[in-house]
Amino acid sequence: MKNISLVVSAVFFGLMTSVSATIATIPPPPSAQEITSAFQKYKDVSAPSIKVPTVVEVPFANDFSNRFDFAVIDTEGNVPQPYLFTESLRSARTAVSIDRYGGENSAMLDGNTRTFTEFALPQSGQGQTRLVLMSTKPMTLSGMTFFLDQFVALPTSIEIRANTDSGEKIVLARSQMFSGFVSFPKTTAKEWTVSFTYGQMLRITEIVLNDETAGMVGSRTLRFLAQPKHNYRIYFDADRSVPMHVGEAGNLISNIGVLRLADSPAQANAGYVLADTDSDGIPDLRDNCVSTANANQVDVDGNGRGDVCDDFDRDGIANAVDNCPNDPNYNQADIDGDKIGDVCDKEESRITEKYPWLPMAGIGFAGVVLVVLFTVTAQGMMKKSKTGQ
């Protein structure tokens, strides 16, 4: 019975240890500041007339979001709230198609910022691609916005040409991109050619044309359950997805008893912090190595990829983790464990490098020998001295 008790106690202790370890590895929920720092804009919302919890609906018809992530924060306690975002837009714009050799392009014009088109990146040099936008009738454009997937840097350069009635003209000369929006003189054409160069993986989720002659009809709305005498701030236009822990949501789909609020102006979020995946102080959009820290942005070969995430020797291992960045060594063999791959280690034959403890052991052994010799010599001298007496 005593043995059974010990076994049960051991099993219980093991389970508790496992549970404790699991709990310890679960990351804490992000703070309100960590959540809201991902959003560029916000709207303040209140419903002073309600006496009981009420589903309210906030219009977003004139606010185009980079991605449809929101944060509804109850300002009393900074608590995130569940929400429902709906969109039923019908474009009055001219129908546009995109032609690109060797790839699917519909994701860039499907109105869904969660889908994307990916452009292949060559092993060396910069990637290049050309998109041809064709419309059923002439469009008058003054700019374009390119929405990128998260954790993706901007292309290094862009050029835009328009095929007008008077011939092809360059409306935006090849230049460096500093944001997803580019503007140019108002131009009318049915065909537009956009050329990109890029040094890292490029994923475009959506292309929005600044069509001077078009409009948008329909609605975008956001619903949440508001409490009496509470104020709310709705954050939107995020540059990355943010995990949030919210409570249980009520029925936000039903139209019964919904209070539709007037549109409120969007304001710039002073707490917005540009996405910086690798925390090296360089925002993702301008970082030549988005996933690996390289504050110096060194790019020796000028291919648009920082040296730390480049692969000089083409062995499939990025320089930052390659123990021989200039010599191919797929297996990363390092027999002496000095973090220098065998194929480029010039000191591989030195036994002291292979066994770094050996010099200290030799010194210790030599010290012991000296002590023994000194002792033996001293004893011999003492014996001679006694004999002489």
Side-chain angles (χ1 to χ4, degrees), residues 62-66 89-113 115-122 125-149 152-217 237 239 283 285-286 288 299 302-305:
N62 299 317
D63 302 288
F64 192 92
S65 182
N66 189 356
L89 292 179
R90 181 169 57 83
S91 175
R93 300 178 184 275
T94 304
V96 178
S97 61
I98 299 180
D99 178 52
R100 176 176 71 99
Y101 176 75
E104 173 60 40
N105 309 294
S106 59
M108 292 184 285
L109 292 174
D110 63 359
N112 183 1
T113 57
T115 61
F116 59 81
T117 296
E118 183 174 300
F119 300 85
L121 184 66
Q126 295 205 42
Q128 298 184 1
T129 193
R130 186 181 67 175
L131 306 177
V132 180
L133 284 69
M134 296 171 289
S135 59
T136 55
K137 60 182 181 179
M139 297 184 296
T140 301
L141 304 184
S142 58
M144 298 182 185
T145 302
F146 302 91
F147 290 110
L148 305 180
D149 192 26
V152 173
L154 286 166
T156 51
S157 71
I158 183 174
E159 179 188 88
I160 301 178
R161 297 170 179 256
N163 189 7
T164 67
D165 291 339
S166 57
E168 186 179 73
K169 64 170 62 174
I170 297 176
V171 296
L172 179 67
R174 184 169 296 279
S175 54
Q176 185 177 355
M177 290 188 73
F178 296 99
S179 76
F181 172 73
V182 293
S183 60
F184 45 82
K186 194 180 297 186
T187 307
T188 301
K190 291 176 63 176
E191 185 176 299
W192 304 77
T193 302
V194 182
S195 300
F196 291 114
T197 59
Y198 51 97
Q200 299 180 75
M201 177 183 290
L202 177 60
R203 288 177 174 175
I204 298 178
T205 64
E206 202 69 19
I207 299 176
V208 177
L209 306 178
N210 190 10
D211 190 347
E212 300 282 338
T213 59
M216 192 76 73
V217 294
D237 206 5
D239 67 357
L285 289 176
R286 300 194 296 271
N288 64 15
D299 179 16
N303 68 348
R305 289 189 291 280

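Side chains are part of it too, since the values below use all heavy atoms of this structure and drop only hydrogens, waters and symmetry mates.
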Over all heavy atoms of both residues, which pair between [X] and [Y] is shortest? Give the atoms and the distance, please.
X      : Y      : answer
Asp110 : Thr205 : OD1-O, 4.5 Å
Gln200 : Ala153 : NE2-CB, 3.6 Å
Leu121 : Met201 : CD2-N, 3.8 Å
Val96  : Leu109 : O-CD1, 3.5 Å
Ser179 : Leu154 : N-CD1, 3.5 Å
Ser135 : Ala189 : OG-O, 4.1 Å

So how far is it from [X] [atom1] to [Y] [atom2], rounded to the nearest 0.5 Å?
X      : Y      : atom1 : atom2 : value
Thr187 : Met139 : OG1   : CE    : 11.0 Å
Thr117 : Met108 : OG1   : CE    : 4.0 Å
Ile204 : Leu148 : CD1   : CG    : 6.5 Å
Ser97  : Leu133 : OG    : CG    : 8.0 Å
Glu191 : Thr164 : CD    : OG1   : 11.0 Å
Gln176 : Ile158 : CD    : CD1   : 12.0 Å

Scan for salt bridge (Lys or Arg N to Asp or Glu O under 4.0 Å) pairs involving residues 175-185, sequence neighbours excluded, and state none if there are none.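 Passing the test, one end in residues 175-185: no pairs.
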
* Sequence neighbours left out, what pairs pass salt bridge (Lys or Arg N to Asp or Glu O under 4.0 Å) with at least one residue falling in residues 160-180? =>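 Listed once each, the pairs are Glu159-Arg161, Arg161-Glu168.
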
| message | I want to check something: taking the side chain as every heavy atom from C-beta on, are Thr145 and Asn210 in contact at a cut-off of under 4.5 Å? | response |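 Heavy-atom side-chain distance check fails, nothing below 4.5 Å.
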
TODO: List the steps, then state whether side-chain contact (heavy atoms from CB on, under 4.5 Å) holds for Ile160 with Thr193.
DONE: CA-CA 6 Å; Ile160 301 178; Thr193 302; over 6 Å; no

inquiry  = Using side-chain contact (heavy atoms from CB on, under 4.5 Å), reason through Ile207 and Val194 one step at a time and then give a plain yes or no.
reply    = CA-CA 11 Å; Ile207 299 176; Val194 182; over 6 Å; no

task = Return each pair, listed once, that meets ring-ring contact (aromatic ring centres under 6.0 Å, His included) where at least one residue sits in residues 154-186; pairs must be two or more places apart or across chains.
result =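 Qualifying pairs, neighbours excluded: Phe184-Trp192.
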
Which is it for Asn288 and Arg305 under the side-chain contact (heavy atoms from CB on, under 4.5 Å) test, yes or no, and what are the steps along the way? CA-CA 5 Å; Asn288 64 15; Arg305 289 189 291 280; 6.0 Å; no

Backbone N or O of [Y] within a donor-acceptor pair of the [X] side chain at under 3.5 Å?
X      : Y      : value
Thr197 : Thr156 : no
Ser195 : Arg130 : no
Arg203 : Glu118 : no
Asp299 : Gly304 : yes

Q.
Please evaluate residues Phe196 and Phe119 with respect to the criterion ring pair (Phe, Tyr, Trp, His ring centres under 6.0 Å), reporting the C-alpha separation (whole Å), side-chain torsions for both, the decisive distance (0.1 Å), and the verdict.
A. CA-CA 10 Å; Phe196 291 114; Phe119 300 85; 7.1 Å; no

